[in-house]
Student: 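Here's a structure for you.
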Protein chains: 2
Amino acid sequence: MEAINLKKLASLLQLSISTVSKALRDSHEISADTKKRVMDLARELNYEPNPYAGSLRKFKSKTIAVVLPDIINNFFIFAIKGIQEAAYLKGYHVLIYITNENPEYEKEVVRQFANGRVDGLIISLTSPFDKTEHISALEDKGLPIVFFDRVSQNFEHTLITTNNYESAYKGTTLLIKQGCKRIAHCQVSDKISIGIDRLNGYKKALQDMGIELDPEWILSSNKDIDYDTDLIERALTRKNGPDALFTSVETHALIAYDICRKHKIDIPKKIKLLSFSNLPTAHLMQPSLSTITQPAYEMGRAAAEQLILALEKPARFKPERIQMDSILYERESTR
Amino acid sequence: MEAINLKKLASLLQLSISTVSKALRDSHEISADTKKRVMDLARELNYEPNPYAGSLRKFKSKTIAVVLPDIINNFFIFAIKGIQEAAYLKGYHVLIYITNENPEYEKEVVRQFANGRVDGLIISLTSPFDKTEHISALEDKGLPIVFFDRVSQNFEHTLITTNNYESAYKGTTLLIKQGCKRIAHCQVSDKISIGIDRLNGYKKALQDMGIELDPEWILSSNKDIDYDTDLIERALTRKNGPDALFTSVETHALIAYDICRKHKIDIPKKIKLLSFSNLPTAHLMQPSLSTITQPAYEMGRAAAEQLILALEKPARFKPERIQMDSILYERESTR
DNA sequence: GTGAAAGCGCTAACAC
DNA sequence: GTGTTAGCGCTTTCAC
C-alpha cells in the first residue's frame, strides 16, 4: 500500500508540508496561486488524507459504533438504514457489531471503544438493563452514547424508544375485542426494557378488560431459537391452550406460524396471532400477519442525529428521551 | 474523553513507556515481575491501546469495509452476518456502507479507502461491471479487494459468486415444465454481472426447450422502485400478458405480489412466480413463493475469510473464483 | 532488563 | 505567505 501523503506532495511541489496541509484546507494564509498548484496535484494523484493521523491529533475519528443484538428481525435492518443515512449526511463512518444476543460478546466489543476508536456509540442492548457496567465505564470516559429500542434505565442518556406500553395495551385490547380469552404473551426477555414495558401493557389491558391473568400464559423467551421454539410449541399444543398469541418479536411470530402449520392449527380460527414486527411481507402472508410496527428507520435516523448532535455541539446538547409511536396494522391473523 | 494511555501507565508505575509497551505485549525482554505489575495495573484501569496510533505505525487498521447496493434484499442481510462473524473471529472491525443503488455514492465512498482507513474491501457492485475505475484505483494502491455476488469482470480478483447461469436455466426450465409459454424475466440490470448471467440462463433454457424468445418479455429494471413497479405492472396487466414471471431480485417479487393483489391476478393460476430470494417468509406467503436461494451467509463468510487470508498471508494467497450453488425451492407460486 | 529516541501522517502554534 | 517544530499514542531500534 504505497499511499500518497503530504510529505510526497510537498516534495513534488517543492513546498513545506505545512503549506501543503494549509492549502488543502483552503487556509487564507496561503496564496491563491499556491492553493491551486497544491489542489491540482492532490486531485491528480488522488490524494486522500490518512484518517488515522488526523484522529490521533484531533481526538476525533468521525466514526460511530453501532451495536445490535441481531440482524434478523427487520426492525434492526431498517434501523441500520436510518443510522447509515444520517451518518453519511454528516460525514461519519459506521462500524457495525452484532452480538447475536450474547451479552459476553457485547461486553467484549464495548470495552474496545474505550480508547478513541469511535467518537460515539449507538446501542440496542443485549445485556440485561440492570447489568450495564460495561456501558457506564465508557460513559465515565466521556463517550457519548445513544440507546435505542432496548434501552438502559440506569443513566441519564439519550433514549430513542417507542410507546411500547401503549402499543401492547392496544394490541391486547384488540385481541380481547376479537373474543379471545386465553391470550398468551411471548416476552423477548424479562431483563430487557421492551420486554418489561410490553408485558406491562399486556397485563394492564387484561386487567382493565376484566380478564384474569394466568401466569402460565406468559412465555419467557431465552433468545435461543431451539428453546424458544420448544416453549412456543408446548404452549400452542397444550390441552386448553391459548386462543391468542401476542409475540414481542418478529422471529417468534414466524416460529408460531411454522408450529401452527406443523400441527394444523388454524390461524386465526383456532388461534389469533399478533406481533411486534417490521416484516415487509406481513401483508402477504398466509394468513396476513397483524403487526405492531415500529418506525424503525426513523428511530435509527434519530439515534444517529442525536449522537452526532452530541458530538458536534456538546454545549447545545442535552440528553433527551425521544418516544415515537408504533402503528397497529390489523390483518387476517386477528380476524 | 480522558483516555488512559501508555504514558499514564508508565508514570504511575515509574517505568518508561517502552517498557510498559513491551510488557503489555508479553515481550521476553521484560522480567516476569514487571510484566505482572504492568498487566495488573492495565487491567485495573481498563487500559485499551489507541487503535489509531497503532495503525499509524503499522499501516494496518484491522478494519475492513463492506460496500453494498442495498440492505432490503435479505440476501445482503445474511451476507453481512457471514462477513461480520468471520471478521470477528479474526479480530477485524467492519465498516458498512450502503449505496442505495447509487453509483456516484459508491465512487465517493470507495475513494476514501485510498489512504489507510481500511485494510481491505468487500464489495457487491452498484456500478456497472464495466465502469469500475474507482475500484481499480484502489487496486493500484495495493488494497486487497473481494467481490461477491455482483462482481466485476475486469480484474484478477477474488470473486465469490453463485451458479447464476445454471440456476436461472433450471428455474426457467421448471416454469416451462409447468406449462408456461410466455415467461417474462425481470432483470436486475443489464450492466451487472448477475443480471447478465441470469438472463443468459433464462434465454438458453427457452432456446433448449424450443420456445421463442420475445424481447418484450425481458423487463429491464431501473432499480428505482417507482419505475420498476410501473414496469412490472404494465407487463402483468397487458393483454396477452405473461403466464410466468421470473424475477432476479426479491424486491421485484414482492412488487409482483402487490400488483397481482391489486389487479386480482391469481398466482399461480393466471401467472406463475419464481424469484431469486432469501426471504425467510417465502414458505409462509400466500401463495408460498418458489425461490432460488443463494447461500448468502456462506458467501459473506467466504468473502471475509478470503479477504483476511489475503491480508494476513499475502504470500500464500492467490485470487480465487469461488462459486457456490443456489437451491431451487419449488413452492405454490409455480404449481 | 530497562530506557531513550525516532518516526508513522497529520495539524497548529509559532517563527520569519 | 511560507516554513519550522512539537506532539497526538504507539512500536521498534538501539543504547546502556
Student: Do the side chain of A:Ser124 and the main chain of A:Asp149 share a donor and acceptor less than 3.5 angstrom apart?
Tutor: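 A pair under 3.5 Å: no.
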Student: In whole Å, I'd like the distance from the OH atom of A:Tyr52 to the P atom of C:dC8.
Tutor: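 In whole Å, C:dC8 P lies 19 Å from A:Tyr52 OH.
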Student: Rounded to whole Å, how long is the line connecting atom CZ of B:Arg37 with atom P of C:dG1?
Tutor: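 Atom-to-atom, B:Arg37 to C:dG1, this comes out as 15 Å.
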Student: Take the protein atom CG of A:Asn50 and the nucleotide atom C1' of C:dG7, then report the distance between them rounded to whole Å.
Tutor: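 So the two atoms are 14 Å apart, to the nearest Å.
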Student: Sub-3.5 Å donor-acceptor pair from the side chain of B:Ser55 to the main-chain atoms of B:Lys60, do we have one?
Tutor: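 Answer holds: yes.
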Student: Provide the start and end nucleotides, 5' to 3', of the part of DNA chain D that has atoms under 4.0 Å from heavy atoms of chain A.
Tutor: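 Both ends considered, the range comes out as D:dG1 to D:dG9.
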Student: OP1 or OP2 of C:dG9 sitting under 4.0 Å from any side-chain N/O of A:Tyr47?
Tutor: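 A:Tyr47 to C:dG9 OP1/OP2: no side-chain N or O under 4.0 Å.
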Student: Under 4.0 Å, heavy atoms only, any strand: does B:Thr34 hit a base, just the sugar-phosphate, or nothing?
Tutor: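 It contacts sugar-phosphate atoms only.
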Student: Which residue in the set B:Thr34, B:Asp33, B:Asp40 passes side chain to side chain donor-acceptor pair (under 3.5 Å) when paired with B:Lys36?
Tutor: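 The single option meeting the side chain to side chain donor-acceptor pair (under 3.5 Å) with B:Lys36 is B:Asp40.
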Student: Please check if the side chain of A:Asn115 supplies one atom and the backbone of B:Ile4 the other of a donor-acceptor pair under 3.5 Å.
Tutor: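 Present.
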Student: Distance from B:Ile194 atom CD1 to B:Phe75 atom CZ, nearest 0.5 Å?
Tutor: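 Answer rounded to 0.5 Å: 7.5 Å.
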Student: Checking A:Asn74 side chain against A:Ile77 main chain: does a donor-acceptor pair fall under 3.5 Å?
Tutor: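 Not confirmed, A:Asn74 side chain does not pair with A:Ile77 backbone.
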Student: If the helix axis at each end comes from five base pairs, how far does the helix from C:dG1-D:dC16 to C:dC16-D:dG1 deviate from straight, to 10°?
Tutor: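 That helix has its two terminal axes inclined by roughly 50°.
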Student: Evaluate side-chain contact (heavy atoms from CB on, under 4.5 Å) for B:Lys81 paired with A:Ile72, printing each intermediate quantity in order.
Tutor: CA-CA 9 Å; B:Lys81 236 193 147 212; A:Ile72 296 305; 4.2 Å; yes
Student: Check DNA chain C against residues 13-33 of chain A and give the residues with a non-hydrogen atom under 4.0 Å, in numerical order.
Tutor: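 Output list: A:Ile17, A:Ser18, A:Ser21, A:Lys22, A:Arg25.
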Student: Quick check against the 3.5 Å criterion: does B:Tyr52 have a side-chain atom that pairs as donor or acceptor with the backbone of A:Arg117?
Tutor: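 Flag set: sc B:Tyr52 to bb A:Arg117 pair under 3.5 Å.
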Student: Looking only at atom types and distance, does a side-chain atom of A:Arg150 sit under 3.5 Å from a main-chain N or O of A:Leu125, one as donor and one as acceptor?
Tutor: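 Side chain of A:Arg150 to backbone of A:Leu125: a pair is present.
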Student: Is there a donor-acceptor contact under 3.5 Å linking the side chains of B:Glu106 and B:Ser127?
Tutor: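 Indeed, the side chains of B:Glu106 and B:Ser127 share at least one donor-acceptor pair under 3.5 Å.
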Student: Could you tell me whether a side-chain N or O of A:Lys62 sits under 3.5 Å from a main-chain N or O of A:Lys90, the two making a donor and an acceptor?
Tutor: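 Yes; judged by distance alone, with no hydrogens or angles, the pair exists.
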